[in-house]
Amino acid sequence: LTLIGGACLVIAPLTVRNGVVFGHFIPVSLGAGQTLLEGIADYDETGSLGLPDTDMGLIKQEAETHNRPDYALTLFGPDAIKRDRERLARGLAIIRAHPFWFFTVMIRRAGSMWRLERAPLISSANASGAGATVAVLVVGGIQRLFITAIILPCVVGGLILLVLGRQGSVLAILLAVPVYYFCVQAVLHTEYRYVLTIHYFLFVIAAVAIHEILNWIRQRVE
């Protein structure tokens with residue numbers, strides 16, 4: 001509740017400003033209709049729904065549909081609010097017509113958010129001195145551990161440990177943001193950079209499992 005209340009307080013000035021200036025309820029900015037349609041198109045492998053999966057394709061289609069060449073110049077130019085409302089209505093109509101299919105799309109999209117992108121490893125090419133070389137090797141070794149095959153099992157293990165330990169308040173805090181992304185962002189077109197935030201919460205959960213593993217090893221050694 002604190003997280004949600006804080007978010008509302010931060011966002012409210014933007015929403016009020018938009019209502020005063022534009023006379024419409026726009027929580028932060030336009031774009032929900034655009035990302036909804038393009039997100040549906042991402043998973044429409046046969047193209048049967050007739051949706052473009054790019055910004056340029058979308059505005060070109062709108063220009064042709066409405067016989068408005070100026071629509072093809074920008075996503076949010078002439079009639080910006082009206083156009084995004086139409087996009088949103090079009091996307092929701094498709095969801096109502098194909099609810100089960102869209103639910104599977106959300107599941108697949110939410111599942112993809114767990115995946116860690118491979119980052120370029122730090123290089124020792126420019127390291128000067130033995131200390132710097134060692135530091136680079138250590139950091140590079142740690143970087144190699146940040147892969148889905150290692151982190152995801154740790155996250156699952158951490159979740160199990162927190163549940164068994166009846167750490168409800170901790171779980172609520174750590175899962176509030178990831179669950180929001182799984183339920184809300186999974187509805188819309190998603191790129192990897194959109195969901196980077198959730199990994200920092202998942203890393204904390206993974207750390208719970210890693211801490212228990214290290215404790216178990218220490219006890220055995222002692």
Side-chain angles (χ1 to χ4, degrees), residues 4 6-120 177-200:
I4 294 171
C8 290
L9 287 175
V10 171
I11 293 171
L14 298 175
T15 307
V16 172
R17 188 283 309 263
N18 290 338
V20 172
V21 175
F22 302 107
H24 291 275
F25 176 71
I26 305 172
V28 179
S29 63
L30 295 175
Q34 164 213 352
T35 52
L36 178 61
L37 286 182
E38 292 179 12
I40 293 173
D42 287 339
Y43 288 84
D44 180 23
E45 298 172 356
T46 63
S48 60
L49 299 176
L51 296 177
D53 58 359
T54 64
D55 294 348
M56 293 303 298
L58 179 61
I59 60 178
K60 181 180 178 181
Q61 186 181 74
E62 289 178 345
E64 295 172 351
T65 301
H66 294 279
N67 194 26
R68 289 284 301 270
D70 53 340
Y71 278 10
L73 300 177
T74 176
L75 275 169
F76 306 110
D79 303 325
I81 296 175
K82 173 187 174 184
R83 289 165 65 186
D84 203 59
R85 294 288 190 272
E86 289 179 351
R87 296 165 189 161
L88 192 58
R90 186 181 176 188
L92 293 175
I94 292 173
I95 294 172
R96 287 193 295 269
H98 308 278
F100 179 75
W101 173 80
F102 188 74
F103 180 71
T104 64
V105 167
M106 289 183 61
I107 295 295
R108 285 183 284 170
R109 192 175 280 141
S112 70
M113 296 179 191
W114 294 82
R115 177 180 55 83
L116 292 177
E117 194 76 15
R118 285 295 186 95
V177 171
V179 168
Y180 166 81
Y181 273 82
F182 296 149
C183 295
V184 178
Q185 186 62 51
V187 176
L188 308 171
H189 166 73
T190 298
E191 297 178 14
Y192 185 72
R193 59 193 172 96
Y194 295 174
V195 298
L196 284 172
T197 304
I198 71 170
H199 293 145
Y200 299 101

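The shown structure was predicted, so the numbers you read here are calculated from the model rather than taken from an experiment.
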Enquirer: Sequence neighbours left out, what passes side-chain contact (heavy atoms from CB on, under 4.5 Å) with R96? Give chain and number order.
Expert: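 Result, side-chain contact (heavy atoms from CB on, under 4.5 Å) vs R96: L92, A93.
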
Enquirer: Using the salt bridge (charged side-chain N to carboxylate O under 4.0 Å, His left out) rule, collect all pairs that involve residues 179-199, keeping only residues at least two apart or in two chains.
Expert: E191-R193

Enquirer: Sort and list the pairs that fulfil side-chain hydrogen bond (donor to acceptor under 3.5 Å, both in side chains) and have at least one residue in residues 6-21, not counting sequence neighbours.
Expert: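 Sorted result for residues 6-21: empty, none.
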
Enquirer: Using a 6.0 Å cut-off, check whether atom OH of Y194 has over 12 heavy atoms from anything other than its own residue.
Expert: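 More than 12 heavy atoms, drawn from other residues, nucleotides or ligands, come within 6.0 Å of this atom.
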
Enquirer: Would you name the heavy atoms of G57 and P52 that are closest together and state the gap between them?
Expert: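 Result for this residue pair: C-CB, 3.5 Å.
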
Enquirer: R109: what forms a salt bridge (Lys or Arg N to Asp or Glu O under 4.0 Å) with it, not counting sequence neighbours?
Expert: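 For R109, no residue satisfies salt bridge (Lys or Arg N to Asp or Glu O under 4.0 Å) once neighbours in sequence are set aside.
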
Enquirer: To the nearest 0.5 Å, how far apart are CG in L37 and CG in L188?
Expert: 10.5 Å

Enquirer: Under the rule for side-chain contact (heavy atoms from CB on, under 4.5 Å), what residues qualify as partners of Y180, not counting sequence neighbours?
Expert: V184

Enquirer: Could you tell me whether the side chain of L75 reaches within less than 4.5 Å of the side chain of L58, counting heavy atoms only?
Expert: yes

Enquirer: Could you grab the distance from atom CZ of R83 to atom CG of L88, nearest 0.5 Å is fine?
Expert: 15.0 Å

Enquirer: Under the salt bridge (Lys or Arg N to Asp or Glu O under 4.0 Å) rule, collect the residues that match up with D53, sequence neighbours excluded.
Expert: none

Enquirer: So, using side-chain contact (heavy atoms from CB on, under 4.5 Å) as the criterion, who are the partners of Y192 when residues are at least two apart?
Expert: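 Y192: side-chain contact (heavy atoms from CB on, under 4.5 Å) contacts with R115, L116, E117, L196, H199.
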
Enquirer: Indicate the atoms forming the closest heavy-atom contact of R68 with P78, along with that distance.
Expert: NH2-CB, 3.8 Å

Enquirer: Return each pair, listed once, that meets ring pair (Phe, Tyr, Trp, His ring centres under 6.0 Å) where at least one residue sits in residues 57-88; pairs must be two or more places apart or across chains.
Expert: H66-Y71

Enquirer: Got a sec, which pairs hit ring pair (Phe, Tyr, Trp, His ring centres under 6.0 Å) with one end in residues 86-115, sequence neighbours left out?
Expert: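 Applying ring pair (Phe, Tyr, Trp, His ring centres under 6.0 Å) to every pair that reaches into residues 86-115, excluding sequence neighbours, yields W114-F182.
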
Enquirer: Would you mind listing every side-chain hydrogen bond (donor to acceptor under 3.5 Å, both in side chains) that reaches into residues 22-43, with sequence neighbours excluded?
Expert: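 Matches after skipping sequence neighbours: Q34-D55, D42-H189.
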
Enquirer: Please test L36 against V187 for side chain to side chain contact (heavy atoms under 4.5 Å, CB included), starting from the C-alpha separation and ending with a verdict.
Expert: CA-CA 7 Å; L36 178 61; V187 176; 3.8 Å; yes

Enquirer: Suppose we screen for side chain to side chain donor-acceptor pair (under 3.5 Å). Which residues come up paired with T46, at least two apart in sequence or across chains?
Expert: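 T46 satisfies side chain to side chain donor-acceptor pair (under 3.5 Å) with S48 once adjacent residues are dropped.
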
Enquirer: Measure the shortest side-chain to side-chain distance between D84 and I26 over non-hydrogen atoms and say whether it is less than 4.5 angstrom.
Expert: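 No, side chains not in contact.
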
Enquirer: Going by the rule side-chain contact (heavy atoms from CB on, under 4.5 Å), which residues pair with K82 if we only count those two or more places apart in sequence or in a different chain?
Expert: D79, E86

